[in-house]
Student: 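Sharing a structure, written as structure tokens. Questions coming.
Quick note on labels: first sequence line is chain A, next is B, and so on, each numbered from 1. Quick caveat, the model's predicted, so the values are computed rather than measured.
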Amino acid sequence: MAVLLDAKYIRSNPDEVRAALAKRKKEVNLDKFLALDEKRRSILSEVEQLKNKRNVVSQEIARLKKEKKDAEALIAEMQQVSGTIKELDDKVREVEAELNDILLTIPNIPHESVPLGESDNDNIEVRRWGTPREFGFEPRPHWDIGEDLGILDFATAAKVTGARFTFYKGLGARLERALFNFMVDLHATEHGYTEVFPPYMVHRHSMVGTGQLPKFEEDAFKVAGTDYFLIPTAEVPVTNMYREQILDSDQLPIYHVAYSACFRAEAGSAGRDTRGLIRQHQFNKVELVKFTRPEDSYEELEKLTRDAEDVLRLLGLPYRVSMLCAADLGFSSAKTYDLEVWMPSYGRYVEISSCSNFEDFQARRADIKYRPGPNEKARYVHTLNGSGVAVGRTVAAILENYQQEDGSVIIPERLRPYMGDVERICK
RNA sequence: GGAGAGAUGUCCGAGUGGUUUAUGGAGCUGGUCUUGAAAACCAGUGACACCGCAAGGUGCCGGGGGUUCGAAUCCCUCUCUCUCCGCCA
């Protein structure tokens, strides 16, 4: 593979890149990069001259041989040249590998509309929908509600597997299944997304393509004895569907919706959200993925975010949308809106979806292009994705927001057709 | 898991060591014809990446390595696809 990322851009706009990365509060050794880049080009031009010579003289040798003339002197000389070429080629390879290592650790450049900031405290609330309900009693956390109703069983999952796993039982399992069916149907039939059902394991290249590797290997589950990783999100297989492809302009935009289980090691999250459904090693998610022309991608991000919000609106769950500041932005993203649902037991909004425009960052790494018009040069597409939405957290939000004083939970109306018309989960 | 066959540019498909600087189609662009379109015919174009201000140069025939003065072509290796056998939800 070894697709060189946009070395040219960094070379010609080093200050701009430096400034953009500073926004993220990330250290990147650009000077080393620029020096290596310089070195690469100088060796390259040297070796290319030698190769030119080799090509020319080889023709000459062929001609001499045809005429039955002596070519021994030229052949001897070319043996030397070939040796040198081999050495220089090795050196170029070495330098390129180093360059690539650096490039793969450089995060995306934040979009100009993204605010500066130091932490998630500096994210900007864009809008809110719905009003958190007034409870006439002390609202309980979803894990208590779920366990009391016999629909969530954390203890048994801990016995069978370990911490951060859950058994859903009875109407709990039904609720989970109803939710992802509802979400996929909504996006596929009302928002124009084509449904896909992806593999749950991908190889290393795909993880590099969407930016999970090489920087975040400890966050992923690796399948022993293989080079496969359990997907942390359907974004990985779905975005990589079009890797190393040149799409026709009229294929764009491409919209996909995918339900999948997601697997995350949650390294570094020890002690955070240890109870309940909020942070699990395995959870279900419905993911929206778009491939668009560069000039359309920001408009498409707004639409994608609205599509995700629709899920929460139709379920009657109060939420807010916030724009992440540069310091809180994910590695691959140029701009991200988080959807946060109201969680009564937390007394605050909790992330339930993250909608991002990656611009051409993933497209470069995965080599996804399109041809703007006949005989035009292929360009990188822009990729976007967002959760539409995280299913486990939606279950948590429904249990908490729709809980009743007697411990039962009312099912949102829109969901009832998927629940066999069950209106309420009782003991 | 075993045996065999394959992988060539946007697509289809030739090419088994030296004028292949990769045949030929399709496609695309322009034209002729037509009220317009299609079809047909004529001409043009001919993938992609890198270096270079440019002229130009280099690389690339699934990935990686090797042999050779010279590799799409020979050798090794990996991946994937197809056919048959075995196993299997």
Side-chain angles (χ1 to χ4, degrees), chain A residues 1-13 33-100 102-103 197-209 223 225-229 237 240-252 254 261 291 293 360 363-381:
Chain A
M1 189 184 61
V3 175
L4 271 186
L5 304 180
D6 202 358
K8 202 180 278 181
Y9 181 80
I10 298 175
R11 188 193 308 145
S12 37
N13 309 284
F33 174 83
L34 292 168
L36 281 169
D37 181 56
E38 181 68 41
K39 188 174 171 189
R40 169 175 172 272
R41 282 179 295 145
S42 91
I43 303 173
L44 203 56
S45 73
E46 190 184 346
V47 72
E48 287 187 354
Q49 272 179 37
L50 286 175
K51 283 179 179 173
N52 177 237
K53 183 173 182 184
R54 181 178 69 184
N55 289 343
V56 170
V57 176
S58 288
Q59 292 293 321
E60 178 70 6
I61 291 172
R63 195 179 58 77
L64 287 175
K65 288 207 160 183
K66 209 173 223 169
E67 297 172 4
K68 307 268 186 235
K69 288 183 184 161
D70 178 43
E72 287 311 309
L74 282 179
I75 289 178
E77 188 193 343
M78 283 305 102
Q79 272 170 343
Q80 290 273 330
V81 171
S82 274
T84 311
I85 287 174
K86 200 163 288 181
E87 279 171 37
L88 291 177
D89 267 346
D90 286 347
K91 222 182 275 180
V92 170
R93 236 194 307 273
E94 228 172 80
V95 173
E96 283 187 346
E98 271 185 84
L99 274 172
N100 227 9
I102 296 177
L103 278 168
F197 186 68
Y200 283 6
M201 297 182 207
V202 294
H203 59 47
R204 180 171 293 274
H205 280 331
S206 292
M207 292 287 275
V208 172
V223 180
T226 72
D227 193 37
Y228 297 157
F229 293 83
N240 279 284
M241 282 171 74
Y242 298 96
R243 75 172 15 257
E244 290 151 42
Q245 244 179 274
I246 297 177
L247 302 162
D248 285 332
S249 186
D250 56 18
Q251 284 179 269
L252 298 177
I254 294 171
F291 303 80
R293 294 184 190 84
D360 63 4
R364 282 178 193 288
R365 295 168 68 120
D367 193 17
I368 308 171
K369 296 181 177 174
Y370 78 106
R371 203 173 296 286
N375 295 328
E376 280 191 64
K377 198 171 156 56
R379 300 175 61 194
Y380 289 111
V381 301

Student: Using the P atoms only, state how far rG17(B) lies from rA72(B), rounded to an integer number of Å.
Tutor: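 It comes out at 13 Å once rounded to the nearest Å.
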
Student: Cut-off 3.5 Å, no hydrogens considered: what does the side-chain donor-acceptor table look like for residues 42-53 of chain A, sequence neighbours left out?
Tutor:
from	atom 1	to	atom 2	distance (Å)
S42(A)	OG	K39(A)	O	3.3
S45(A)	OG	S42(A)	O	3.2
K51(A)	NZ	D89(A)	OD1	3.2
K51(A)	NZ	D89(A)	OD2	3.3
K53(A)	NZ	E77(A)	OE2	3.1

Student: Between K39(A) and rC51(B), is there a side-chain N or O to OP1/OP2 distance below 4.0 Å?
Tutor: no

Student: For the residue pair N240(A) and V202(A), establish whether any side-chain heavy-atom pair is separated by less than 4.5 Å.
Tutor: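 Side-chain contact under 4.5 Å: no.
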
Student: Using the P atom on both, measure rG56(B) against rU45(B) and round to a whole Å.
Tutor: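 16 Å, rounded to whole Å.
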
Student: In whole angstrom, give the distance that lies between atom NE2 of H205(A) and atom P of rG63(B).
Tutor: 12 Å

Student: Which residues pass the ring pair (Phe, Tyr, Trp, His ring centres under 6.0 Å) test with F33(A), sequence neighbours left out?
Tutor: none

Student: Choosing from rC51(B), rG65(B), rG57(B), which nucleotide comes nearest the side chain of N52(A)?
Tutor: rG57(B)

Student: Can you give me the closest heavy-atom contact between L252(A) and F291(A), atom names plus distance?
Tutor: CD2-O, 3.6 Å

Student: Verify the contact: side-chain N or O of K51(A) to OP1 or OP2 of rC60(B), cut-off strictly under 4.0 Å; return yes or no.
Tutor: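 So the side-chain polar atoms of K51(A) never come under 4.0 Å of the phosphate oxygens OP1 or OP2 of rC60(B).
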
Student: Where do N or O atoms of nucleotides 72-78 of chain B meet protein N or O atoms at under 3.5 Å, pair by pair?
Tutor:
none

Student: Rounding to an integer number of Å, can you tell me how far I368(A) CD1 sits from rA49(B) C1'?
Tutor: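 That distance rounds to 18 Å.
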
Student: Is there side-chain contact between I254(A) and Y242(A), with at least one heavy-atom pair below 4.5 Å?
Tutor: yes

Student: Does atom CD (Q80(A)) have a neighbourhood of more than 12 heavy atoms from anything else shown, all under 6.0 Å?
Tutor: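 No, CD of Q80(A) has 12 or fewer neighbouring heavy atoms, counting only those of other groups under 6.0 Å.
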
Student: Does some side-chain heavy atom of R379(A) sit less than 4.5 Å from a side-chain heavy atom of Y370(A)?
Tutor: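 Touching, per the 4.5 Å side-chain cut-off.
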
Student: Are the side chain of D360(A) and the backbone of Y380(A) linked by a donor-acceptor contact shorter than 3.5 Å?
Tutor: no

Student: Less than 4.5 Å apart, any side-chain heavy atom of R11(A) and any of R41(A)?
Tutor: yes

Student: Can you tell me how far C1' of rC80(B) sits from CG of N240(A), to the nearest Å?
Tutor: 16 Å

Student: Near Y200(A) OH, under 6.0 Å, is it more than 12 heavy atoms from other residues, nucleotides or ligands?
Tutor: yes

Student: Let me check I have this right: for RNA chain B, each base becomes ., (, ), [, ] or |, based on Watson-Crick or G-U pairs with both distances under 3.5 Å. What is the full string?
Tutor: ((((((((.[[[..)..(.....]]]((((((.......))))))..((((....))))..[[[[[..)....]]]]])))))))....

Student: For the atom pair CZ (R40(A)) and CD (E96(A)), what is the distance rounded to the nearest 0.5 Å?
Tutor: 4.5 Å

Student: Given rG70(B), is OP1 or OP2 found less than 4.0 Å from the side-chain N or O atoms of S82(A)?
Tutor: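 Looking at the OP1 and OP2 atoms of rG70(B), one of them is under 4.0 Å from a side-chain N or O of S82(A).
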
Student: For the P atoms, the ones on rG31(B) and on rG36(B), what distance do you get once it is rounded to whole angstrom?
Tutor: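 Straight-line distance between the two P atoms is 13 Å.
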
Student: rA71(B) and rU8(B): how far apart are their C1' atoms, nearest whole angstrom?
Tutor: 14 Å

Student: Do E87(A) and K91(A) sit within salt-bridge range, that is, some charged N less than 4.0 Å from a carboxylate O?
Tutor: no

Student: Write down the distance separating the P atoms in rA55(B) and rU35(B), rounded off to the nearest Å.
Tutor: 45 Å

Student: Rounded to the nearest Å, what distance is computed from the CE atom of residue M78(A) to the P atom of nucleotide rU67(B)?
Tutor: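 Answer to the nearest Å: 18 Å.
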
Student: Rounded to whole angstrom units, what separation is found between the CD1 atom of I75(A) and the P atom of rU67(B)?
Tutor: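 Between P of rU67(B) and CD1 of I75(A): 17 Å.
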
Student: Could you pull out all residues at least two apart from E98(A) that satisfy side chain to side chain contact (heavy atoms under 4.5 Å, CB included)?
Tutor: K32(A), L36(A)

Student: If you measure from the P atom in rU19(B) to the same atom in rG1(B), how many Å do you get, rounded?
Tutor: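 That atom pair is separated by 42 Å.
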
Student: According to a strict under-4.0 Å criterion, is R93(A) in side-chain N/O contact with OP1 or OP2 of rG65(B)?
Tutor: yes

Student: Using a heavy-atom cut-off of 4.0 Å across all strands, would you classify K369(A) as base, sugar-phosphate, or nothing?
Tutor: sugar-phosphate

Student: Under 4.0 Å from OP1 or OP2 of rC50(B): is there any side-chain N or O of R41(A) that close?
Tutor: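 No, R41(A) has no side-chain N/O under 4.0 Å of OP1/OP2 on rC50(B).
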
Student: Determine the interatomic distance between C1' on rU67(B) and the same-named atom on rC74(B); round to the nearest Å.
Tutor: 8 Å

Student: At under 4.0 Å, does any side-chain N or O of R11(A) touch on OP1 or OP2 of rG52(B)?
Tutor: yes

Student: For nucleotides 18-21 of chain B, give me every protein contact, N/O to N/O, under 3.5 Å, one pair per line with atom names.
Tutor:
from	atom 1	to	atom 2	distance (Å)
rG18(B)	N2	S58(A)	O	3.2

Student: Give the rounded distance in Å between these two atoms: NZ of K8(A) and C1' of rA49(B).
Tutor: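 Nearest whole value for this atom pair: 10 Å.
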
Student: Taking CG from N55(A) and P from rU58(B), how many angstroms apart are they, rounded to a whole number?
Tutor: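 Atom CG in N55(A) sits about 5 Å away from atom P in rU58(B).
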
Student: Just how far, in rounded Å, is P of rG52(B) from CD of E48(A)?
Tutor: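 Roughly 10 Å, once rounded to whole Å.
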
Student: If I pick the C1' atom on rC33(B) and the same atom on rU20(B), what distance separates them, to the nearest angstrom?
Tutor: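 Result for the C1' pair: 38 Å, nearest Å.
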
